[in-house]
Amino acid sequence: MDLSGKIALVTGGARGIGQRIVLALAESGCHVIVSDIDFEGAKQTADVVQQKGVKSLALQADVSSADDVSAMIDKSIEMFGRIDILVNNAGITRDNLLIRMKEEDWDLVLRINLKGAFLCTKQVIRPMMKQRSGKVINIASVVGVMGNAGQANYSASKAGMIGLTKSAAKEVAGKNIQINAIAPGFIQTEMTDHLREDVKETYMASIPAKVFGTPQDVANAVLFLASPMADYITGQVVHVDGGLVM
Ligand code: NAP
């Protein structure tokens, strides 16, 4: 995929799926802004990006803070002049059965996963409207479509992201801005490494492809949606899940 010269901003880009998305965009020729709550991690990833011959900028931002997000977008535009691609990737889990779920864990997950995507999308839309082009890619989850016991907060946040994707896509489709979501299934990262073996086996049994996904599988879908090949695709949810949801 050739995305030479495009400016991409990835939230939660310090590690995991976000880091692979950052590197894949850089390998396709994008200059990449690596944003994360963990500045050291973002900086390390941004250093790797520069070794690929493109420009990068590491920024610390908590996506649930309107001030942080505003500063993140301002600094990005100040340095690069525009943002062509925004990937709303930052996300957390605080799993528990509904009956035991603390209100603060509900609030935290909704604030980072859903409000974070709202704030970043809202802030980037104005410059994208001015430049009359842009791509926003929201990293949701299959559990936002199918639900998951023990993840009422996380599933609700990801279902909300899908609603946000569709509504925002309708609002800006006429301005040549495409907004889509990706719903990864079980992807091997630190987020999933800590799960018990029996839980992993249960997941595996429900995946028709009989293999877990990799961060690169998600990054590949990002590259497609970020490219001109997807210019007539908006408001969609692309499942990257080995057939788990169909
Ligand atoms: P991860 O390894 O935990 O990475 C998430 C990154 O986001 C971390 O660098 C984290 O920083 C950062 N972050 C956390 N809170 C933040 C905030 N408030 N503002 C900015 N950055 C923040 O997670 P992952 O597995 O790569 O997941 C990435 C995305 O894919 C998430 O949205 C997740 O819901 C989604 N997803 C993952 C899977 C999967 O199987 N792994 C499946 C479906 C969807 P710290 O390390 O400092 O917390």
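Read the numbers this way: they start at 1 and go in the same order the structure lists the ligands and their atoms. The residues of the chain are indexed from 1 along the displayed sequence.
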Original post:
Are Asp231 and Lys135 ion-paired here, with the side-chain N under 4.0 Å from a carboxylate O?
Top reply: yes

**OP:** At a heavy-atom distance under 4.0 Å, which protein residues reach ligand 1? Sort them by chain and number, would you?
**Re:** Gly12, Ala14, Arg15, Gly16, Ile17, Asp36, Ile37, Asp38, Ala61, Asp62, Val63, Asn89, Ala90, Gly91, Ile92, Ile112, Ile139, Ala140, Ser141, Tyr154, Lys158, Pro184, Gly185, Phe186, Ile187, Thr189, Met191, Thr192

Subject >> Candidates Ile85, Ile182, Asn89 - the one meeting side-chain contact (heavy atoms from CB on, under 4.5 Å) with Ile21 >> reply: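 Single pass found, and it is Asn89.
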
Subject >> Matching residue for Met79 among Leu59, Asp74, Leu57 - test: side-chain contact (heavy atoms from CB on, under 4.5 Å) >> reply: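 That would be Leu57; it is the only one of Leu59, Asp74, Leu57 passing the side-chain contact (heavy atoms from CB on, under 4.5 Å) with Met79.
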
Original post:
Distance from Ile112 atom CD1 to Asp107 atom CG, nearest 0.5 Å?
Top reply: 11.0 Å

Subject >> Distance-minimising heavy-atom pair for Gly160 and Leu114 >> reply: C-CD1, 3.4 Å

Original post:
Below 4.5 Å, heavy atoms only, C-beta onward: do Lys175 and Arg132 meet side chain to side chain?
Top reply: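 In short, these two side chains touch, coming nearer than 4.5 Å.
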
